[in-house]
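Numbering of residues begins at 1 and proceeds along the displayed sequence. All values derive from a computational prediction rather than experimental measurement.
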Amino acid sequence: MAAPSEEAGPPDGGLRMSETDRIKAFSDGVFAIVITLLVLELRVPDYHVGGLLEGLGHEGPSYLAFAVSFGYIGVIWLNHHALLRLIRGTTLALSWINLAILFGAVIIPFPTAVLASAFSEGDTADRRVAVALYALAAALMSAPWLAFFAYLHRHPALRATDVSPEHVRAQRVRPVTGLLLYGLSGLLGWFVHPVVGLVLIIVMIFYHAITSEGLRAGPLRFLSRRSRA
């Protein structure tokens, strides 16, 4: 007897859906590698006898950059986990969009290293460039999420049975907010002060953390209840 095909057939509009197991496993592996790569930027500082504390203090920006990016990748993973719960199958196009999301994640170690170097060794001009680069990478990360929700809205057969079209439409606000405010953080970091831009980046990471289950679920579900009252 022939083995069952991975393809689930075209149940709606000619869509050829596959199971989500492989895309979940591959994505989790990518996120695990990215988080591991972040720690490679941490190093034992150069110091003279009795100067270890001073050396560790000098590496403080590297530790901060690591903490911010570890939290950022963790938040992306949580959001991605919630994202894949919205679908009951995947298509070739949706897999390409997922690869774009993963591409945004795997480049994070580079602006992290630049940020740590600029705040450890650079001047204000270098820090402006580093914050703007990090903000640009974060803003670009938001674009494929918008494409994912748009594709899911156009192809309702892909949605899990308990996911409404209203819920999918509501989630478009989050990547749009990311594009705009990460872009704003880069501008503030460049034209105002790099620390201002960095603080806004951290605020946006926190925003995506508390909305990881969506704007009508999770920690912010009370907002949607109030809006419907």
Side-chain angles (χ1 to χ4, degrees), residues 23-47 52-84 97-123 126-145 148 174-175 177-179 181-186 188-190 194-213:
I23 195 173
K24 290 177 180 177
F26 177 72
S27 300
D28 283 347
V30 170
F31 283 118
I33 292 171
V34 172
I35 279 188
T36 302
L37 290 176
L38 287 175
V39 78
L40 298 180
E41 295 302 321
L42 301 181
R43 63 181 185 272
V44 178
D46 296 327
Y47 65 95
L52 178 57
L53 183 60
E54 181 183 354
L56 289 171
H58 183 71
E59 293 295 326
S62 295
Y63 305 147
L64 176 61
F66 167 78
V68 170
S69 292
F70 184 92
Y72 185 31
I73 295 297
V75 166
I76 295 171
W77 176 75
L78 289 173
N79 278 265
H80 187 268
H81 185 65
L83 188 73
L84 293 185
I97 295 172
N98 186 69
L99 283 175
I101 292 174
L102 297 180
F103 175 79
V106 299
I107 64 174
I108 293 300
F110 173 65
T112 299
V114 172
L115 193 69
S117 176
F119 276 81
S120 294
E121 309 292 344
D123 59 9
D126 296 324
R127 293 167 187 169
R128 292 180 194 278
V129 173
V131 170
L133 177 64
Y134 199 103
L136 175 62
L140 291 178
M141 164 71 74
S142 299
W145 294 78
F148 192 103
R174 298 172 65 240
T177 301
L179 279 166
L181 293 189
Y182 280 128
L184 178 62
S185 67
L188 291 175
W190 185 277
V195 173
V196 175
L198 184 58
V199 168
L200 183 54
I201 288 172
I202 295 172
V203 168
M204 284 303 300
I205 292 173
F206 182 72
Y207 163 77
H208 283 110
I210 64 176
T211 61
S212 59
E213 291 294 321

Spacing of [X] atom [atom1] and [Y] atom [atom2] [to the nearest 0.5 Å]:
X    : Y    : atom1 : atom2 : value
I205 : S69  : CD1   : OG    : 7.0 Å
L64  : I202 : CG    : CD1   : 6.0 Å
I97  : F148 : CD1   : CZ    : 7.5 Å
D126 : L115 : CG    : CG    : 11.5 Å
E59  : E54  : CD    : CD    : 11.5 Å
H208 : M204 : NE2   : CE    : 4.5 Å

Identify, with sequence neighbours excluded, every residue that meets side chain to side chain donor-acceptor pair (under 3.5 Å) alongside S142.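 For S142 there are no side chain to side chain donor-acceptor pair (under 3.5 Å) partners, ignoring immediate neighbours.
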Got a sec: does the CG of L53 have more than 12 other heavy atoms crowding it under 6.0 Å?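 No, the 6.0 Å shell around CG holds no more than 12 heavy atoms from other groups.
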Output a table of donor-acceptor pairs, distance under 3.5 Å, between side-chain atoms of residues 99-110 and any protein atom two or more places apart or on a different chain; print 'none' if there are none.
none

Classify the ring geometry between H81 and W77 as parallel (under 30°), tilted (30 to 60°) or perpendicular (over 60°).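 If you compare the ring of H81 with that of W77, the planes turn out parallel.
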Exercise. Determine the interplanar angle of the Y182 and Y72 rings, folded into 0 to 90°, and report it as parallel if under 30°, tilted if 30 to 60°, perpendicular if over 60°.
Key: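 The rings of Y182 and Y72 sit tilted, inter-plane angle from 30° to 60°.
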For a 4.5 angstrom cut-off between non-hydrogen side-chain atoms, does [X] reach [Y]?
X    : Y    : value
F66  : T112 : no
V196 : V199 : no
F31  : H80  : yes

Problem - Minimum-distance pair of heavy atoms, taken over all atoms of V131 and G189 - result: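 The answer is CG1-CA, 4.1 Å.
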If you compare all heavy atoms of A65 against all heavy atoms of A116, which two are closest, and at what distance to 0.1 Å?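 In this case the closest contact between A65 and A116 is CB-CB, 3.9 Å.
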Backbone N/O of I23 and side chain of S27: donor-acceptor pair under 3.5 Å: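 Side chain of S27 to backbone of I23, a donor-acceptor pair under 3.5 Å: yes, one is there.
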